[in-house]
Structure formats: C-alpha cells, structure tokens
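Bear in mind that the values here come from a model prediction, so they are computed numbers and not experimental data. The analysis underlying the following values was restricted to heavy atoms, covering all of them including side chains, and did not include hydrogens, waters or symmetry mates.
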Amino acid sequence: MLVNILLVALATSPLVAAHGKVSVVTGDAGGNTTALGIQGGVVPGAGSNDKTEVDTTVFSSIKAASNGLGRTEGQGKNTLDGMSAVVAQSGSTLPQVSSSGGTLSGTLHVVTTDGAGPFKAIVDPTGTGAFESGTEADVTTQVPGVAGNILPNGNVPRAISRVFARMGLHKRAANVNKDYPFAVAVPAGTTCTGTAGGQSGVCLVKLANSNPAGPFGGVFAMQIAGTSSNSTA
C-alpha cells in the first residue's frame, strides 16, 4: 500500500531534467580538456536549475553507444566546431593517453540530483561522434549513484528510492553541487584518426549516465601520446 501511495505521489509530481557535467579531464601522459559546451566559471555551482544546468550536455538516447554529440541548454547543439572554444579555454594540449593502454581521469560535477552515476564511456576513434560503432571503455573509478540519481547531500539513494530511480520516476531535481572523480581505461591499441579544434589524431570519448530524464554527461577529445599533431602550433 505504501509503495502504491508513493508511486502515485511521484507520478503526479513535476518532472524536470537535471544534470551532471564533465568539467575537466587529463591523460596519463599529460594534457587536459573539458567537455564540449562547458562554459567554465561563467556558470554558478549552486543556485536555481535554470542557472546551474545551462552548460551540461543532454543526449537524445538512453543508449550510451548512440551517435551524436548532444546539446546544452545554453548553447544548443554541440558540434565539432565547438572544439576550438574548448582548446582556447583549456590549452592546445589535449589529454594524452599511453598507446599501451592508458588512463583518462577527471572530475564529474554533479549539478542536480539526477545527474549522477553510474556512467558508461564510449571511445569513437574517428573523432566524429560515431559512438554507435565505437568501443566501450572500462570506467575504473565510477561516480556514485543509482540509474543517474543521487541525494542532495551526495549520498546514494537506498531502499525504496532505488526502485523509483530504476523505474525512471523523479521528484523535482535539487541542487547537489559536488565534484566526483572518474577514471576511464582506454583500450590498448586504440588509434585516433579524427580532426578537431586544430588538432589531428583525435578520438572522442562520450561519458553518459542512463537517467531517463537525460541522459547526461559530456563528450571530450583525447589523443594517443606520440602519434598526434597540433596544426595550430
């Protein structure tokens, strides 16, 4: 009976999108970047949803291995042209990953309560956003959460809250404003062939959760150490 009452309450409550964004990424061999669409210090960490969520990427499919770069509320559809702004913001050295099987590590900023983990990582070696034919990489340090949901205090939902999270039932999102580390093991032998932001030898990596309200995450660029070039230099 309690479950039925809560289901009705949640089903009739306002449903809104919430967000988690990739704010910084580094490679085990150096370099750093942010996700496409990130506006840096322009966007506040705490506050109302319409102010804190504007630079978080929202994807069109719940399936991580799906094509496209997503979109943000603040700038619209993400495109490869936007990589020039990323390079200008982060510097011309993208994350460099060892060819023997290196690691990408970074910070996932959970903006609101359904922008959390767990996340999947897909590597697109063409650097075009063709994630459907990409390779899933192991997320070795995971962002906490259940089906993309987390509590406002940063704790993982428990008991009956987990059931609602998996069913895709959401209360109005609340601000979390917490950073969590993540790490992705890039498969050995990965070859990057894309061009973006004045760089060649680029792979794109998609980090996405499975929250039905989104899903949320980000797309960022990387290179294999010693095999790439910077045409802007």
Side-chain angles (χ1 to χ4, degrees), residues 19-45 52-57 69-72 74-111 119 121-129 131 134 137 139-141 143 177-187 190-208 216-233:
H19 301 69
K21 60 188 178 183
V22 180
S23 54
V24 64
V25 187
T26 59
D28 69 286
N32 72 92
T33 193
T34 66
L36 281 168
I38 294 294
Q39 297 180 35
V42 175
V43 179
T52 60
E53 298 176 341
V54 295
D55 66 341
T56 301
T57 293
L69 306 176
R71 62 183 294 113
T72 68
Q75 300 183 54
K77 185 177 180 180
N78 288 331
T79 66
L80 285 179
D81 290 340
M83 197 62 72
S84 296
V86 172
V87 170
Q89 178 173 285
S90 302
S92 59
T93 304
L94 294 172
Q96 304 294 299
V97 176
S98 301
S99 59
S100 57
T103 301
L104 292 161
S105 57
T107 299
L108 193 293
H109 183 76
V110 177
V111 182
F119 284 80
I122 309 293
V123 179
D124 164 29
T126 71
T128 62
F131 296 107
V139 180
T140 56
T141 300
V143 178
N177 190 31
K178 291 182 181 296
D179 290 332
Y180 295 91
F182 71 87
V184 175
V186 177
T190 296
T191 301
C192 300
T193 61
T195 301
Q199 312 278 339
S200 63
V202 171
C203 286
L204 292 182
V205 180
K206 177 181 181 179
L207 199 68
F216 309 107
V219 173
F220 54 90
M222 55 152 278
Q223 295 170 312
I224 300 300
T227 64
S228 57
S229 64
N230 176 4
S231 62
T232 63

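- Screening Ile38, Leu104, Thr34 for a side chain to side chain contact (heavy atoms under 4.5 Å, CB included) involving Phe220 leaves a single residue, Leu104.
- Between Val111 and Lys21 the shortest side-chain heavy-atom distance falls below 4.5 Å.
- The side-chain heavy atoms of Val123 and Phe131, taken from C-beta on, include no pair separated by under 4.5 Å.
- In this structure Ser84 satisfies the side-chain hydrogen bond (donor to acceptor under 3.5 Å, both in side chains) test with no other residue, sequence neighbours excluded.
- Between His109 and Ser23, the closest side-chain pair of non-hydrogen atoms falls below 4.5 Å.
- A donor atom on one side chain and an acceptor atom on the other are found under 3.5 Å apart for Thr126 and Thr128.
- The shortest non-hydrogen separation linking Ala221 to Pro95 is O-CD, 3.4 Å.
- Ser98 and Asp28 form a side-chain donor-acceptor contact under 3.5 Å, judged by distance and modelled atom types alone.
- Using a 4.5 Å heavy-atom cutoff, the side chains of Thr103 and Val184 are not in contact.
- Atom-to-atom distance recorded for Leu69:CG and Asp124:CG is 8.5 Å, nearest 0.5 angstrom.
- Counting all heavy atoms, side chain and backbone alike, Leu80 lies closest to Ala196 at CD2-CB, 4.3 Å.
- In this structure, the separation between OG1 on Thr33 and CE on Met83 is 6.5 Å, given to the nearest 0.5 Å.
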Step by step, would you call Gln223 with Ser200 a side chain to side chain contact (heavy atoms under 4.5 Å, CB included)? CA-CA 8 Å; Gln223 295 170 312; Ser200 63; 5.6 Å; no
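- The distance from atom OG1 of Thr79 to atom CZ of Arg71, rounded to the nearest 0.5 Å, is 11.5 Å.
- The side-chain heavy atoms of Thr107 and Tyr180, taken from C-beta on, include no pair separated by under 4.5 Å.
- When side chains are defined from C-beta on, Pro125 does not count as touching Cys192, because their heavy atoms never get closer than 4.5 Å.
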Assess the residue pair Met222 and Leu94 against the criterion (side chain to side chain contact (heavy atoms under 4.5 Å, CB included)); give the C-alpha distance rounded to whole Å, side-chain angles, the decisive distance to 0.1 Å, and a yes or no. CA-CA 6 Å; Met222 55 152 278; Leu94 294 172; 5.9 Å; no
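- Residues Val143 and Val110 have side chains in contact (heavy-atom distance under 4.5 Å, counting atoms from C-beta outward).
- A heavy-atom distance below 4.5 Å is found between the side chains of Gln39 and Gln75.
- One side chain, Thr57 or Asn78, offers a donor N or O that lies under 3.5 Å from an acceptor on the other.
- Taken to the nearest 0.5 Å, the OG atom of Ser99 stands 7.0 Å off from the CD1 atom of Ile224.
- Phe216 approaches Phe119 most closely through the heavy-atom pair O-CE2, 3.4 Å.
- A distance of 9.0 Å separates NE2 of His19 from OG1 of Thr72, quoted to the nearest 0.5 Å.
- The side-chain hydrogen bond (donor to acceptor under 3.5 Å, both in side chains) check on Asn32 picks up nothing, with sequence neighbours excluded.
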